[in-house]
Amino acid sequence: MDHCGQTRRQVLKAAIGGAAGIVLGAPVRRAFAQTAAQAPNVQQLSDGLFVVTIPGEANVVANVVAGGAGGVVLVDGASAGASDALMKAIAGLPGGGPVQTIFNTHWHAEQIGSNELAGKAGRTIIAHENTRLWLTTDVAWPWNGRRFKHLARIAQPNKTFYTTGQLESGVRYGYIPDAAHTDGDLYVHFPKQNVLAVGDVVSGEGWPVVDYATGGWIGGIVGALQRLQTVADAEPRIVPGRGPVLRLTDLKAQHEMYGTVYDRLTQLLNKGRGPAEAVAARPTKEFDAQMGNPDEFVRRAFESLWGYLSPDA
């Protein structure tokens, strides 16, 4: 979208300068025992706020409103295959009640797997309007041919926004227009606990996926990492899409790292280089010991520049 692209460039310039159905409908007993392979890890951040992680899945933040009176608010809902295990885990949280609201931080399958259950139960599914639009159409990734079918209408977000919003409980949410991961990224801010849930805009576990097919780009990562530093109060805890909970110092370090990578990739682009040459140039060399093999990330990050800095490529 042209108006979004302009905002991204402006920001970047500044930066670089079963049981599941029951849970959705009513309070239930503690979760049934899970197999070792499926057993969720539950980390309590503060009273009523938890990070639930199922092996192989993205982090889910669960906010249990006082006494369950307002229901449970989820940030992301795991994949469809893990939704049942997730809902059982939510049912076992102290003071847990029915899931009333699910945020989709973006359109990817690892975030929207509980949408259908929520939609059929008449619950609220909140997403940025761009995310809703992606979920109404089929999407194909050009780098590996993977295809994603559009969601049934009942599973699509039923409450969308463009800039910011707030729940009655005081939970705030906002659009991240930089397009770090997709062009529909959002954050959810829990001000009482000073916790930010940011989905895959931030990675706490290796190099991220740059989904340039739906608007994401390396410059957006740089811009978003700067933007998020201004959203919460001093020293927030940041829950990324994957990996451990981060601190403000982690965001600052990542902002510097991705800014360095962005500079190197744009220099290669301006010299007429291609994705394979960008990989061979090793623009992430001093970070690889910490972050892992960079080849896929570098290739996708370089290709993401075409849509922003070389629109006619």
Inset, instruction - Output yes when K252 and E256 qualify as a salt bridge under the 4.0 Å nitrogen-oxygen rule, no when they do not. - result: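 Salt bridge flag = no for E256 with K252.
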Does [X] have more than 12 heavy atoms from other residues, nucleotides or ligands lying within 6.0 Å of its [atom1]?
{"X": "E286", "atom1": "CD", "result": "yes"}
{"X": "Q43", "atom1": "CD", "result": "yes"}
{"X": "K149", "atom1": "NZ", "result": "no"}

Legend entry - Validation row, ring centre F148 to ring centre W134 under 6.0 Å: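 Centroid separation for F148 and W134: 6.0 Å or greater.
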Please tabulate, for the side chains in residues 290-297, all donor-acceptor contacts under 3.5 angstrom to protein atoms that are two or more places apart in sequence or on a different chain.
unit_1, atom_1, unit_2, atom_2, d
N293, OD1, D295, N, 2.9
E296, OE2, R300, NH1, 2.5

Please round to the nearest 0.5 Å and tell me the distance separating atom [atom1] of [X] and atom [atom2] of [Y].
{"X": "D288", "Y": "W207", "atom1": "CG", "atom2": "CH2", "value": "6.0 Å"}
{"X": "T137", "Y": "L151", "atom1": "OG1", "atom2": "CG", "value": "11.0 Å"}
{"X": "Y173", "Y": "T101", "atom1": "OH", "atom2": "OG1", "value": "9.0 Å"}
{"X": "L225", "Y": "M257", "atom1": "CG", "atom2": "CE", "value": "8.0 Å"}
{"X": "W306", "Y": "L309", "atom1": "CH2", "atom2": "CG", "value": "12.5 Å"}

Inset, instruction - Test N63 against V72 for side-chain contact (heavy atoms from CB on, under 4.5 Å), laying out the working first. - result: CA-CA 6 Å; N63 182 212; V72 177; 5.9 Å; no
Using a distance-only test with no angle check, is there a side-chain donor-acceptor pair under 3.5 angstrom linking [X] and [Y]?
{"X": "T182", "Y": "D211", "value": "no"}
{"X": "H106", "Y": "Q111", "value": "yes"}
{"X": "T131", "Y": "N104", "value": "no"}
{"X": "W217", "Y": "D178", "value": "no"}

Legend entry - Of T105, V239, L228, the residue whose pairing with Y187 passes side chain to side chain contact (heavy atoms under 4.5 Å, CB included):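 By the side chain to side chain contact (heavy atoms under 4.5 Å, CB included) criterion, Y187 pairs with just one of T105, V239, L228: L228.
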Legend entry - Pairs flagged by side chain to side chain donor-acceptor pair (under 3.5 Å) wherever residues 153-163 is involved - sequence neighbours left out: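 The answer is E129-T160.
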Legend entry - Heavy-atom side-chain contact between S114 and L86 under 4.5 Å: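 Sidechains of L86 and S114: in contact.
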Inset, instruction - Would you mind listing the cluster partners of I125? Hydrophobic ones only (ILVMFWY), side-chain contacts under 4.5 Å, chaining allowed. - result: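 Its cluster partners, ordered by chain and number, are none at all.
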Legend entry - H128 and Y175 aromatic ring geometry - parallel, tilted or perpendicular at 30°/60° bounds: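 Y175 and H128: parallel rings.
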Inset, instruction - Output yes when a side-chain donor or acceptor of D183 lies under 3.5 Å from a complementary backbone atom of G215, and no otherwise. - result: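 No, D183 side chain to G215 backbone: no donor-acceptor pair under 3.5 Å.
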Inset, instruction - Using modelled atom types only, decide if a donor and an acceptor are shared between the side chain of D185 and the backbone of I176 within a distance under 3.5 Å. - result: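 Here the side-chain-to-backbone pair does not exist.
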Legend entry - Worked check of side-chain contact (heavy atoms from CB on, under 4.5 Å) between V198 and I238: CA-CA 7 Å; V198 297; I238 300 102; 3.8 Å; yes
Legend entry - Verdict with supporting geometry, L117 and S83, side-chain contact (heavy atoms from CB on, under 4.5 Å): CA-CA 9 Å; L117 288 169; S83 179; 3.4 Å; yes
Legend entry - Non-hydrogen atoms of I90 and A62 that approach each other most closely: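 Taking I90 first and A62 second, the nearest heavy atoms are CD1-CB, 3.7 Å.
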